[in-house]
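Below: one structure, written as structure tokens.
In what follows, chains are A, B, ... by sequence order, proteins preceding strands, each numbered from 1.
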Amino acid sequence: MPKYDFKSIEPKWQSYWEKNKSFKAERNSSKKKYYLLEMFPYPSGKIHMGHVRNYGIGDVVARFMRMKGFNVLHPIGWDAFGLPAENAAIQNKKHPAQWTEDNISTMQTQLRSLGLSYDWDREIATCRPEYYRWSQWCFLKFYEKGLVYRKKSQVNWCNACNTVLANEQVIDGCCWRCDGEVEDRFQEGWFFKITDYADRLLEGCKHLSGKWPEQVLTMQSNWIGKSYGAEIDFKIKGKNETIKVFTTRPDTLYGATFMVLAPEHPLVTQLSLGTNQEIEVGKFVNKVKQEDKLERTSEKGEKKGVFTGAYAVNPLTGEDISVWSANFVLMDYGTGAIMSVPAHDQRDLDFARKYSLPIRVVIQPKDSPLDESNMTEAFSTNGIMVNSGSFNGLASEEAKKKVCEHLEDIKIGKASVNFRLRDWGVSRQRYWGTPIPIVRCDECGLVPVPEDELPVQLPLDVKLGDRGQSPLTTLAKFYKTQCPKCGNLARRETDTLDTFVCSSWYFNRFTSAKNNQSAFNKDDLDYWMPVDQYVGGIEHAILHLLYSRFFHLVFKDLGFIKSDEPFDRLLTQGMVIKDGAKMSKSKGNVIDPDEIIQNYGADTARLFILFAAPPSKDLEWSDQGVEGCYRFLKRVWKIFDDFIIDIKSAGSITKDYKTDSKELLELRRVTHVTIGRVTDDIQIRMQFNTAIAAIMEFVNHLYTFRDSWLLLKDNDDCSRLIVKESFETLILLLAPFAPHIAEEMWSLLGHKTSIVQVEWPVFNKDFTTTEELLIVVQLNGKVRQRITVSASASQEVIKSLALNDSKIKEQTKDREIKKVIVVPGKLVNIVVK
RNA sequence: GCCGGAGUGGCGGAAUUGGCAUACGCACAGGACUUAAAAUCCUGCACUCGUAAGGGUUUGAGGGUUCGAGUCCCUCCUCCGGCACCA
């Protein structure tokens with residue numbers, strides 16, 4: 001037999017799978033489905049190691065579940081709209097569509113060369129009209145449901161990208177994609193009402209616990225940011241206005257000794273008009289406007305404020321309290337106004353000290369009473385109410401509810417919840433995206449494009465501005481249109497949709513990818529959805545995963561879909577690291593997957609990336625580690641070669657084959673122990689590194705076995721059957737990880753069908769038991785001896801064997817035995833004094 | 001500050017239910033084969049005392065529960081991630 005030649009084996013099986021459509025998925029209600037999905041790639045140019053890891057992990061599960069008898073859907077597509085295509089186009093004078101399609105074809109070839117088991121017939125690309133037509137349709141459905149609106153608001157503007165960003169796309173004040181600084185702009189745009197779903201999205205997090213990584217659920221919960229409290233109206237003295245505040249501490253209302261408004265709050269200027277503070281306030285507001293947003297919102301920033309000249313009335317004490325404006329109050333959280341309780345909030349205390357404002361304690365801790373005159377730290381935990389009228393003596397936790405009830409009775413406030421989550425801005429001022437299917441008519445206003453006129457085609461014969469300005473705004477052929485309602489001349493919307501809209505529903509499209517009648521077919525959705533296992537990077541913990549969950553809930557409300565969540569289980573894989581940093585072109589620490597495939601083969605590449613670390617942890621690249629995996633596959637090939645003649649001469653496996661040979665019994669035991677370990681590791685634990693380690697141990701055992709096999713005299717049919725079973729098991733266990741070598745060995749054994757649908761080995765517990773057991777003997781919990789006992793020995797027998805062991809006798813002879821614990825099948829612990 | 005995750009040999013990591021800590025791999029050292037090298041195979045490899053047999057110590061630190069703790073509980077430290085002048 002020739003040596004292990006991956007260069008001929010791998011392409012051979014890849015074309016076999018393709019020709020035979022080995023991974024084609026079809027709806028079949030008599031078979032249990034399994035939908036495995038990895039986050040679809042952006043066609044950026046070439047595959048990188050992160051992709052290999054992402055798709056390698058997914059492919060193990062897909063191949064395993066197929067062998068387990070499931071009807072597996074494992075599709076692939078391209079998240080193909082987006083800025084890099086435009087930027088590359090400007091640099092290379094190549095059209096974004098051309099650039100994108102070229103990259104797709106390069107990356108398709110690369111994915112194929114990895115031997116990934118995709119149903120290529122379902123391939124999609126979000127930039128093609130047959131896909132974005134349905135993205136537009138989704139937009140219209142949202143619009144009908146009242147979940148889409150336009151507003152003029154403060155938006156995040158990335159100068160480098162020349163477009164607006166959603167809040168979720170701003171990371172530490174910078175653009176998520178280009179890292180450029182983000183500035184505020186006041187601009188009109190389209191929004192999705194994701195805030196309507198804040199509660200359900202948060203509630204869903206609870207149900208996903210245990211199925212999604214806690215880290216992701218925490219991040220989403222933090223992002224949604226629900227807080228419980230009250231809304232309270234404060235009357236302005238001498239005017240007909242009220243200021244509404246949100247507070248999480250209604251119990252401290254008696255201690256509210258002043259109020260603070262955000263500088264952007266419309267009442268600030270209004271209140272100061274005509275007072276002697278008017279000029280000061282104007283100066284202050286202008287100054288804050290000019291301040292850098294990052295600096296202003298950082299905790300280190302100095303707390304600065306100005307008195308507005310107005311007073312409000314504390315609704316419970318009836319006292320006049322001064323109204324201020326300060327830089328630390330934010331317009332876009334709560335109501336943009338706060339009541340200040342300096343005794344029980346650190347910022348308020350700092351502010352009160354700085355501007356000599358009154359402080360009143362209304363909650364006392366149990367032990368050491370607070371003194372307003374010298375407190376430096378606000379008391380912000382629970383205690384007993386004081387100085388609070390009829391609420392005195394109540395526990396503050398309890399008082400929260402009571403105060404809210406009281407406020408409601410006197411109609412100046414109510415219990416309320418507040419979210420940090422803002423609506424999702426989906427307008428982008430760029431070209432390479434899904435056109436928003438809306439027409440603006442002078443007569444009729446905003447008019448949605450009728451469904452039967454979709455898609456609104458993105459024109460391809462355009463010239464891009466050199467700073468990325470969208471050509472759509474000046475392309476009359478595009479924007480000039482007729483109003484669908486009145487037929488008059490009208491203007492098309494020239495903003496495009498955020499690419500995250502395209503990726504928020506693509507997993508539904510995969511269930512009937514080629515359907516040109518509708519976005520998705522109900523029977524297909526009902527059968528395939530939800531995705532059983534989703535695999536992708538943690539960088540989408542908030543963005544893509546939150547948006548997709550939102551879309552799914554809307555689809556549910558629209559009656560399209562039954563499930564509450566799109567992704568039942570989520571696995572977030574770690575990054576691929578080299579020399580301590582994430583692989584990236586700028587750091588120059590990139591390993592090209594093609595090179596690894598060229599030198600070692602796809603099987604080695606896959607094996608290494610699955611073996612080097614558990615899937616969710618970061619993985620440190622190691623050239624020597626790759627060598628090690630290659631060495632392992634060569635060892636597999638070699639031992640297989642050593643046995644192939646014996647295996648092929650064995651008959652077919654029957655149920656009742658027996659042997660008395662110790663070595664063969666041990667071989668069969670190791671075989672079945674390995675089946676158990678590998679099955680659990682893939683199916684339950686998703687821990688592929690230990691699955692591979694178990695297979696390596698199995699192979700090491702086969703090498704040990706080989707020595708005794710050569711000496712074994714009774715090399716009969718039954719013996720060969722056991723050997724055959726072991727090797728066939730090895731091949732099948734290896735198949736999800738290293739599919740090419742597995743197919744090759746499988747066919748060398750004479751099998752005529754591909755390994756793809758062969759049944760996964762069945763674990764038989766009876767074969768894993770032995771006649772003798774190794775029992776550890778401990779003295780006071782420390783291992784002192786190991787003894788072998790018969791598997792059928794009673795606890796009493798084991799105990800006496802342990803106590804009568806010569807070494808144990810020696811060590812216990814002068815000591816009093818206080819207790820003996822026998823753990824069946826494991827150990828004996830002798831407690832001595 | 002709040003929330004989440006983690007801390008085990010020289011390195012990546014294992015220990016699934018409280019029961020032999022360090023599986024598997026890498027690196028390293030010695031040996032076999034070879035004119036030589038590569039490849040391959042064999043042996044060793046947590047630390048420490050010891051020629052050895054054997055002993056002692058060790059899972060970030062310190063306590064606790066238990067016959068027995070990497071695993072459970074308490075206090076603390078460090079690192080990673082998220083949120084945060086969030087009212």
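Pairing of C28(B), defined by two Watson-Crick or G-U wobble distances under 3.5 Å, is identified with G44(B). Look at U35(B): it lacks any Watson-Crick or wobble partner with both distances under 3.5 angstrom. Pairing for C79(B) is with G5(B), a Watson-Crick or G-U wobble pair whose two hydrogen-bonding atom distances lie under 3.5 Å. When Watson-Crick and G-U wobble pairs are counted only if both distances are under 3.5 Å, U51(B) pairs with no nucleotide at all. Both distances falling under 3.5 Å, in either a Watson-Crick or a G-U wobble arrangement, occur for no nucleotide opposite A14(B).
Side-chain contact annotation: Gln346(A) with Ser380(A), donor-acceptor N/O pair under 3.5 Å absent. Using modelled atom types, one finds no donor on one side chain facing an acceptor on the other under 3.5 Å when comparing Asn418(A) with Ser227(A). A side-chain donor from one of Trp324(A) and Ser322(A) sits under 3.5 Å from a side-chain acceptor of the other.
Arg786(A) contributes a side-chain N or O that forms a donor-acceptor pair with the base of C20(B) under 3.5 Å. You'll find a donor-acceptor pair under 3.5 Å spanning the side chain of Asn829(A) and the base of C67(B), going by distance alone. Between the side chain of Lys303(A) and the base of C85(B), a donor-acceptor pair under 3.5 Å is found.
Ranking C83(B), G55(B), G19(B) by closeness to the Ile542(A) side chain, first place goes to C83(B). Considering only side-chain atoms of Ala693(A), the nucleotide from G13(B), A87(B), C24(B) that sits closest is C24(B). Looking at the side chain of Gln624(A), the nearest of the listed nucleotides C86(B), G25(B), C26(B) is C26(B).
Both Trp223(A) and Gly628(A) lie close to RNA chain B; mapped to their nearest nucleotides by heavy-atom distance, the more 5′-ward contact belongs to Gly628(A). Annotation: of the two residues near RNA chain B, Ile538(A) and Lys782(A), the 5′-most nearest-nucleotide partner is Lys782(A).
Here the two rings, on Phe6(A) and Trp637(A), have centers that are 6.0 Å apart or farther.
Here the closest non-hydrogen pair linking Gln220(A) and Ile542(A) is NE2-O, 4.2 Å.
Taking only side-chain nitrogens and oxygens, Arg685(A) comes nearer than 4.0 Å to OP1 or OP2 of A15(B). Regarding contacts with the backbone of A87(B), a side-chain N or O of Ser227(A) is found under 4.0 angstrom from either OP1 or OP2. In this structure, Asn700(A) reaches the G25(B) phosphate: one of its side-chain N or O atoms is under 4.0 Å from OP1 or OP2. When the side-chain nitrogen and oxygen atoms of Arg631(A) are compared with OP1 and OP2 of U40(B), one or more of them lie within a distance under 4.0 Å. For the pair Arg347(A) and A84(B), the criterion of a side-chain N or O lying under 4.0 Å from OP1 or OP2 is not met.
With rounding to whole Å, Phe611(A) atom CZ is found 12 Å from A23(B) atom P.
Nucleotide G68(B) carries an anti base; the chi torsion (O4'-C1'-N9-C4 or O4'-C1'-N1-C2) is more than 90° from 0.
The residue Asp618(A) sits close only to the backbone: its heavy atoms come under 4.0 Å of sugar-phosphate atoms, none of a base. Residue contacts for Gln220(A): at a heavy-atom cut-off of 4.0 Å it reaches no nucleic acid atom on any strand shown.
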(request) List the steps, then state whether side chain to side chain contact (heavy atoms under 4.5 Å, CB included) holds for Thr252(A) with Met339(A). (result) CA-CA 10 Å; Thr252(A) 64; Met339(A) 64 176 209; 3.7 Å; yes
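Taking atom C1' on both nucleotides, G70(B) is separated from A61(B) by 15 Å, rounded to a whole Å.
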